[in-house]
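Here is the structure we will look at.
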Amino acid sequence: MSKIYVFHGVNLHLLGVREPDIYGRTSLEELDKKLTSMGEENGAQVECRQTNHEGEMIDWITSLKPTDFLILNPAAWTHSSYAIFDALKGVQIPTLEVHLSNIHARESFRSNSLITGACLGQISGLGTDSYLLAMAYAIEFQKHRQSEEVNTTETANGSI
Ligand code: DQA
């Protein structure tokens, strides 16, 4: 069964208490609940995870199946991790990069993402809506993919 994964990077376990003027007051648990129920209401299986360990994040990324979709907030690794970029390039899983804050309107080091080049795109600056919009896109992407798979199988079986 293909899934939509949501991976949160370093320090995002502090969501809700960490610089709430920048990142908001929603906790990670509340956000993950919203994302999971949005997926379930639309027939998608969702799994959310957070880690403060870059190697663990890379293990998770490189264990995904080609049919999965990834919503990724690489947090501070956005600006430092060639390793996460290489992992995403290596597996070629459709990935959307998300940020709660507008990384292009903050300190200059934040405006450079090393990750976007390995992603379908980036959603930044909309608070938790960045994730919800990414989830809406992921749901449609997976639906489209599944209907394409059905068509290909039916054509191969001669039923079309
Ligand atoms: C962040 C932006 C990053 O620059 C920062 O290091 C984070 C969170 C965001 O969601 O706005 O930890 O990815």
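Keep in mind that what you see is a predicted model, and the values were worked out from it rather than measured. Only this structure's heavy atoms are used, side chains among them; waters, hydrogens and symmetry mates stay out. Every number for a ligand or one of its atoms is a count from 1 in the order of the listing.
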Which donor-acceptor pairs under 3.5 Å do side chains of residues 89-99 form with protein atoms, sequence neighbours excluded?
from  : atom 1 : to     : atom 2 : distance (Å)
Gln92 : NE2    : Lys89  : O      : 2.8
Thr95 : OG1    : Ile93  : O      : 2.8
Glu97 : OE1    : Ser113 : OG     : 3.3
Glu97 : OE1    : Thr116 : N      : 3.2
Glu97 : OE1    : Thr116 : OG1    : 2.7
Glu97 : OE2    : His99  : NE2    : 2.6
Glu97 : OE2    : Ser113 : OG     : 3.0
Glu97 : OE2    : Gln122 : NE2    : 3.2

Distance dump, ligand 1 polar atoms to protein, N/O, under 3.5 Å:
from     : atom 1 : to     : atom 2 : distance (Å)
ligand 1 : 4 (O)  : His79  : NE2    : 2.7
ligand 1 : 4 (O)  : Arg110 : NH1    : 2.8
ligand 1 : 6 (O)  : Ala76  : N      : 3.3
ligand 1 : 6 (O)  : Arg110 : NH1    : 3.1
ligand 1 : 10 (O) : Asn73  : ND2    : 2.9
ligand 1 : 10 (O) : Leu100 : N      : 2.8
ligand 1 : 11 (O) : Leu100 : N      : 3.3
ligand 1 : 11 (O) : Ser101 : N      : 2.8
ligand 1 : 11 (O) : Ser101 : OG     : 2.6
ligand 1 : 12 (O) : Arg18  : NH1    : 3.1
ligand 1 : 12 (O) : Arg18  : NH2    : 2.9
ligand 1 : 13 (O) : Asn73  : OD1    : 2.9
ligand 1 : 13 (O) : His99  : ND1    : 2.8

Just by distance, with hydrogens left out, do Asn52 and Gln50 show a side-chain donor and acceptor under 3.5 Å apart? yes

Does a side chain donor of either Arg106 or Ser111 reach within less than 3.5 Å of an acceptor in the other side chain? no

For Lys33, which residues count as a salt bridge (charged side-chain N to carboxylate O under 4.0 Å, His left out) partner, sequence neighbours excluded? none

Leu70 side, atom CG; Tyr5 side, atom OH - distance, nearest 0.5 Å: 10.0 Å

Could you give the side-chain donor-acceptor pairs of residues 8-18 under 3.5 Å, partners two or more places apart or in another chain?
from : atom 1 : to     : atom 2 : distance (Å)
His8 : ND1    : Tyr131 : OH     : 3.0
His8 : NE2    : Asp32  : OD1    : 2.7

